[in-house]
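Some notes on the structure that comes next.
In this text the structure is predicted, and so the values were computed from the model without any measurement. All values below come from the heavy atoms of this structure, side chains included, with hydrogens, waters and symmetry mates left out. By convention here, the first residue in the shown sequence is residue 1.
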Amino acid sequence: MQLNIYLGAFRTGGQHLFAMARANEAMLNDQGIFLVQKNIFNTAFSEATKSAEQGHDRAEIQDKLFAALAQGQDAKTLLYFDPLLSGNITRPIGAGLIFPRIKNFSRLLANVMDHDKIRLAMSVREPSAFLTSCYGQALINAHVVPFEEYVNDVKFDAIRWSNCIDRLTAPFFDDSTQTYGVKPIIWRIEDYPYIWRQALGAITGVENPQDLVGSSAPNNAGLSLYGSHLMYKYLQKHAPKARGDFKKVREAFLEKYPNDASKPDDPFWNADQIKEMQYAYDDDWYFIERMENVQALRRQIVS
């Protein structure tokens, strides 16, 4: 049995990927691939890590974990989606690092399972778009702070997804062989609409990804930065007083100010700074594609 985990990042198409997995669940189940519910995973993984800390036998811990996750199903592969494993959306960057605590999860996972039974997947996004989208998501989840405060301690020139990936894979490095036991599957959200079947096929291990059904249309555009700015200003003047008031405000702003890449936004940043982040991201992705500890998925452009 194998455990395949999509662990984020936030606002990089994970909800769409999960929706496509659900839409093709019958096909996946026929091949022994089953989705794991969040509450089941959290309980089972917590018990496994506690057992590891107490020095229990690793093989027994792993067997018990698989049994708890499989829930009696005849599974070949268990599939779990949870961007919370990467970090917290209210603080996705700290000390210049994207998801500074991501190594904590991979270390715990490496301690309770054989590395050849783990498959990880993660998607990335251009940092300025990533941060603004995360801010909107944090705001609609009642983390009400101004955008300037949200990004106050972010060192924009130091944001590198490659560094995040290095920290994710470090616990799976074998000193004796000088190789990585787990090489996460990585793709860019900018390529995702064109390769979503490839991405879902890679994380699930399904035999015929070309037969996956669905659409590349996003199912959660989120709130634009301009809309986030207006929502924050509105909440400062009209603080919710009754249960349900915040939800009404959130739904109204999501409907009126959805994130739309085809429309110019109000970035609240210097345009040159955003351009520098975009250039750095392109350079970082060029580097990621050549890293020995990843499996990078690429959009094939036919000329």
Identify whether L108 and L120 are in the same connected component of the hydrophobic contact network (ILVMFWY, side-chain heavy atoms under 4.5 Å).
-> yes

Got a donor-acceptor contact below 3.5 angstrom from the H16 side chain to the Y192 backbone?
-> no

Go through D116 and Q2 one step at a time and tell me if the side-chain contact (heavy atoms from CB on, under 4.5 Å) criterion holds.
-> CA-CA 8 Å; D116 61 355; Q2 181 168 308; over 6 Å; no

Full working for side-chain hydrogen bond (donor to acceptor under 3.5 Å, both in side chains) between Y281 and E276 | CA-CA 8 Å; Y281 175 62; E276 288 177 9; over 6 Å; no

Passes side-chain contact (heavy atoms from CB on, under 4.5 Å), L223 versus N259? Steps please.
-> CA-CA 5 Å; L223 187 64; N259 195 15; over 6 Å; no

To the nearest 0.5 Å, what is the distance between CG (L200) and CG (L79)?
-> 7.5 Å

Can you tell me how far CE of M291 sits from NZ of K183, rounded to the nearest 0.5 angstrom?
-> 11.0 Å

C134 pairs by side-chain contact (heavy atoms from CB on, under 4.5 Å) with which of I93, I89, T12?
-> I89

Kindly indicate whether the side chain of R250, heavy atoms from C-beta on, has any atom under 4.5 Å from the side chain of L139.
-> no

Taking the side chain as every heavy atom from C-beta outward, state whether L7 and I102 have any pair of such atoms under 4.5 Å apart.
-> yes

Under a single-linkage definition using a 4.5 Å side-chain heavy-atom cutoff for Ile, Leu, Val, Met, Phe, Trp and Tyr, are W187 and F287 assigned to the same hydrophobic cluster?
-> no

Closest contact, heavy atoms only, A48 versus V112 | O-CG1, 3.6 Å

Mind running side-chain contact (heavy atoms from CB on, under 4.5 Å) on H56 and E60 for me, showing each step along the way?
-> CA-CA 8 Å; H56 295 176; E60 291 182 3; 5.8 Å; no

Nearest atoms (heavy-atom pairs only) where I186 meets V124 | CG2-CG1, 4.1 Å

Output for pair (I5 CD1, D82 CG), nearest 0.5 Å, gives 9.0 Å

Of the non-hydrogen atoms in M1 and L78, which two are nearest, and what is the gap between them?
-> SD-CD1, 3.5 Å

Any donor-acceptor pair under 3.5 Å from R125 side chain to R11 backbone | yes

Verdict with supporting geometry, D191 and R188, salt bridge (Lys or Arg N to Asp or Glu O under 4.0 Å) | CA-CA 5 Å; D191 294 333; R188 299 187 297 180; 3.1 Å; yes

Answer yes or no: does atom NZ of K76 have more than 12 heavy-atom neighbours from other residues, nucleotides or ligands under 6.0 Å?
-> yes

Would a distance-only check, ignoring hydrogens and angles, find a side-chain to backbone donor-acceptor pair under 3.5 Å from S106 to L168?
-> yes

Residue E255 excluded, over 12 heavy atoms near CD under 6.0 Å | no

Can you tell me if N24 uses its side chain to pair, donor with acceptor, with the backbone of V213 under 3.5 Å?
-> yes

With sequence neighbours left out, the residues meeting side chain to side chain contact (heavy atoms under 4.5 Å, CB included) with D175 are F173, Q178

Any donor and acceptor pair, going by atom type alone, linking the side chain of R290 with main-chain N or O of Y286 inside 3.5 Å?
-> yes

Same cluster for L17 and V206 if Ile/Leu/Val/Met/Phe/Trp/Tyr side chains link at under 4.5 Å?
-> yes

R58 and D114 ion-paired at < 4.0 Å = yes

Rounded to the nearest 0.5 angstrom, the OG1-CG distance for T169 and N293 is 4.0 Å

Co-membership, hydrophobic cluster, residues I165 and L97, 4.5 Å side-chain = no

Are any non-hydrogen side-chain atoms of M122 and S86 less than 4.5 angstrom apart?
-> yes

Using a 4.5 Å cut-off on heavy atoms from C-beta on, say whether the side chain of F10 contacts that of Q137.
-> no

Is the closest side-chain heavy-atom distance between Y234 and F253 below 4.5 Å?
-> yes

For L131 and I159, run side-chain contact (heavy atoms from CB on, under 4.5 Å): C-alpha distance rounded to whole Å, both residues' side-chain angles, the deciding distance at 0.1 Å, then the answer.
-> CA-CA 11 Å; L131 280 171; I159 298 175; 4.1 Å; yes

Rounded distance (nearest 0.5 Å) linking atom OH of Y226 with atom NZ of K256 = 9.0 Å

Are L84 and L69 joined in one hydrophobic group, where the rule is that I, L, V, M, F, W and Y side chains link up if heavy atoms are under 4.5 Å apart?
-> yes

Sub-4.5 Å side-chain heavy-atom contact between F81 and Q15 | no

Would you kindly say whether S123 and Y6 are connected by a side-chain donor-acceptor distance under 3.5 Å?
-> yes

Do F147 and Y135 have ring centroids that are under 6.0 Å from one another?
-> yes

Heavy-atom distance under 4.5 Å between the side chains of L212 and M20, does that happen here?
-> no

Please confirm whether the backbone N or O of R160 pairs with a side-chain atom of N163, one donor and one acceptor, at under 3.5 Å?
-> no

For the residue pair Y150 and P92, what are the closest heavy atoms and their distance?
-> OH-CD, 3.2 Å

Checking Q278 side chain against E126 main chain: does a donor-acceptor pair fall under 3.5 Å?
-> no

Ignoring hydrogens and angles, tell me if any N or O in the side chain of D284 forms a donor-acceptor pair with the backbone of W161 under 3.5 Å.
-> yes

N4 (side chain) donor-acceptor with I203 (main chain) under 3.5 angstrom = yes

Not counting sequence neighbours, list each pair that qualifies as a side chain to side chain donor-acceptor pair (under 3.5 Å) and has a residue in residues 31-48.
-> Q31-N208

State, yes or no, whether a side-chain contact exists between E25 and N29 at a heavy-atom distance under 4.5 Å.
-> yes

Contact summary for S128 and I274, nearest pair of heavy atoms = OG-CG2, 3.6 Å

Would you please test Y80 and F41 for ring pair (Phe, Tyr, Trp, His ring centres under 6.0 Å) and show each step?
-> CA-CA 8 Å; Y80 183 58; F41 180 88; 4.1 Å; yes

Cation over ring, R101 on F105, under 6.0 Å and within 45°?
-> no

Check: Q73 side chain, A70 main-chain N or O, donor-acceptor pair, under 3.5 Å = yes

Rounding to 0.5 Å, atoms CG (L3) and CD (Q62) come to a distance of 9.5 Å

Note: R167 and F99 closest approach over all heavy atoms is NH1-O, 2.8 Å

